[in-house]
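What follows is a single structure, written as structure tokens, with notes after it.
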Amino acid sequence: MILGVIADDFTGATDVASMLVRAGMHTVQVLGVPDGGLPEADAVVVALKTRTIPAPDAVEQSLLALKALQAAGARQIYFKYCSTFDSTAKGNIGPVTDALMAALDTSFTIACPAFPENGRTIFRGYLFVGDELLSESGMRHHPLTPMTDANLVRVLQAQTGRKVGLLRYDALQGDAAGRIAALQDEGAEIAVADALSNSDLLALAEACAELPLVTAGSGVALGLPSAYQRRGWFEPSASAAQLDVVAGPAAIVSGSCSEATNAQVKNWLAAGRPAIALDPIALHHGGQSVEQLLGAALAAQASAPVLVYATSGPERVKEIQLALGVEAAGTLVESALAAIAAGLVRAGVRRLVVAGGETSGAVVQALGVQQLRIGPAICPGVPWTQARLAQGGDALLLALKSGNFGGPDFFAEALRAAGVDL
Ligand code: ADP
């Protein structure tokens, strides 16, 4: 193994894995702290859910993941977080970085959430989301990790006792390695790195390929494979993104209420395709049940791929949350959709699209899936993946879409990409 990645959330793990596969690295994603040996691959991504849990727990889980990756021989470790640097004043990016640096006995790393292809750029240490500063973007209202300061040096310095410096954009296209050495001489242990374009990311990756630890969004992963290749560590493989051809029925389960998913559901319905709506209030009061929804989905699915969805617009979600409570509504819908997805797979579905980060986590858990092989991207950040079902060892194709990814026709595009005739 060349690269071992520790990701702080589920769909973020798939995002970075997709980036590595695109550059020709055979990549496997492991769900949760591995409890045994790791599979053979150029890169292994351990998907944790540590973004907003208490810092000591995030540190503990990250160190366990590190141990497993080290035992499997990883040359370099990559701590992956969100491209908007989602964290609270207490962490967890700083504390996890500190702990990984100590465990790896290293005195220098970088921090770079930039992902220019998705509009996340860093200039003189300030993170932009599109044309807006992070602190002026929608992220300032995030319910769990509101980001109210765009200066990443300041944000990270508040989370760590180590000195945070800045690797400025103009150093990247010059002597980046020399500038890194100078920063270390000045006492910096973590350098926030600017990046305005993919070529900045490539230069940064080249300068960091031999660091024991890199911390970043998924962008830096774009450049690492070619840096490894130049060092003779690996040859890109044309078959890295290849999955088995899987036949069998297809279905979609959607528990995301993000804007992009609402548009995707609307599009699917407008095309007159089969769909079953889950109504959380009816489900709560017994007017709907998982068994009845599953039965209806199976009946509809006999003729064409069916969509089962709880997706609603913001007004309706507010009403439902008011009636049931925010958390209770979320848990009710997640567990119902997970049970329906598991029922569909039990009934033979082998190509399954899931919309929603939390929803994906619940579905994958209900299916008992522990590993995903990463395949070709459907759109930036969302690849088809392949799992093996414990029972019978059948292959199952899964596309796990985080809420705001994908264009309006994503569901049909995903199914067609998996060979479904629509
Ligand atoms: P996203 O990736 O868009 O954030 P998630 O699956 O992570 O999607 O989160 C959506 C949350 O909203 C889940 O907890 C889901 O169960 C919940 N949810 C889905 N539909 C509804 C609804 N109609 N009313 C209230 N909550 C809902």
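Remember, it's 1-based here, ligands and their atoms both numbered in the order they're listed.
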Just jot down the ligand 1 atoms closer than 4.0 angstrom to any heavy atom of [X], in number order.
{"X": "S312", "value": "23 (N)"}
{"X": "I320", "value": "23 (N), 24 (N), 25 (C)"}
{"X": "S258", "value": "1 (P), 3 (O)"}
{"X": "G403", "value": "1 (P), 2 (O), 3 (O)"}
{"X": "E358", "value": "5 (P), 6 (O), 7 (O)"}
{"X": "G357", "value": "1 (P), 2 (O), 5 (P), 6 (O), 7 (O), 8 (O)"}
{"X": "C257", "value": "19 (C), 20 (N), 21 (C)"}

How long is the span from the [atom1] atom in [X] to the [atom2] atom in [Y], to the nearest 0.5 Å?
{"X": "R120", "Y": "F128", "atom1": "CZ", "atom2": "CZ", "answer": "13.5 Å"}
{"X": "L307", "Y": "N267", "atom1": "CG", "atom2": "CG", "answer": "11.5 Å"}
{"X": "F108", "Y": "R162", "atom1": "CZ", "atom2": "CZ", "answer": "12.0 Å"}

Worksheet item: Quick one: does S256 get an N or O within less than 3.5 Å of an N or O on ligand 1?
Response: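 Between S256 and ligand 1, an N or O pair is found under 3.5 Å apart.
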Fill in: E334-ligand 1 polar pair, N/O distance under 3.5 Å
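For ligand 1, there is an N or O atom that lies under 3.5 Å from one belonging to E334.
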Practice prompt. Would you mind telling me if ligand 1 is within reach of the side chain of T359, the backbone, both or neither, using heavy atoms under 4.0 Å?
Written response: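 Both backbone and side chain of T359 come within 4.0 Å of ligand 1.
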Item to complete: Pick one of side chain, backbone, both or neither for how S360 approaches ligand 1, counting any non-hydrogen atom pair under 4.0 Å.
Response: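 S360 to ligand 1: no contact under 4.0 Å from either part.
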Fill in: Over 12 foreign heavy atoms within 6.0 Å of CD, E319
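It does: E319 CD has more than 12 such atoms within range.
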Fill in: Residue pairs, two or more places apart or on separate chains, that pass side chain to side chain donor-acceptor pair (under 3.5 Å) and touch residues 1-13
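Only D8-R51, D9-R51 qualify under side chain to side chain donor-acceptor pair (under 3.5 Å).
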Discussion item. Could you check whether F79 and Y81 have their ring centres less than 6.0 Å apart?
Written reply: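 Yes, the ring centres sit under 6.0 Å apart.
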Practice prompt. Specify the closest pair of heavy atoms between G406 and A260, including all atoms of both residues, with the distance to one decimal.
Written response: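 Between these two residues, the closest heavy atoms are O-CB, 4.0 Å.
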Item to complete: Identify, for atom 18 (N) of ligand 1, the protein heavy atom at the shortest distance, and state residue, atom and that distance.
Response: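 Checking every protein heavy atom, the shortest distance to atom 18 (N) of ligand 1 gives G255 O, 3.9 Å.
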Discussion item. By the salt bridge (Lys or Arg N to Asp or Glu O under 4.0 Å) test, which pairs, at least two apart or in different chains, include something from residues 196-214?
Written reply: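 For residues 196-214: E206-R230, E206-R231, E210-R231.
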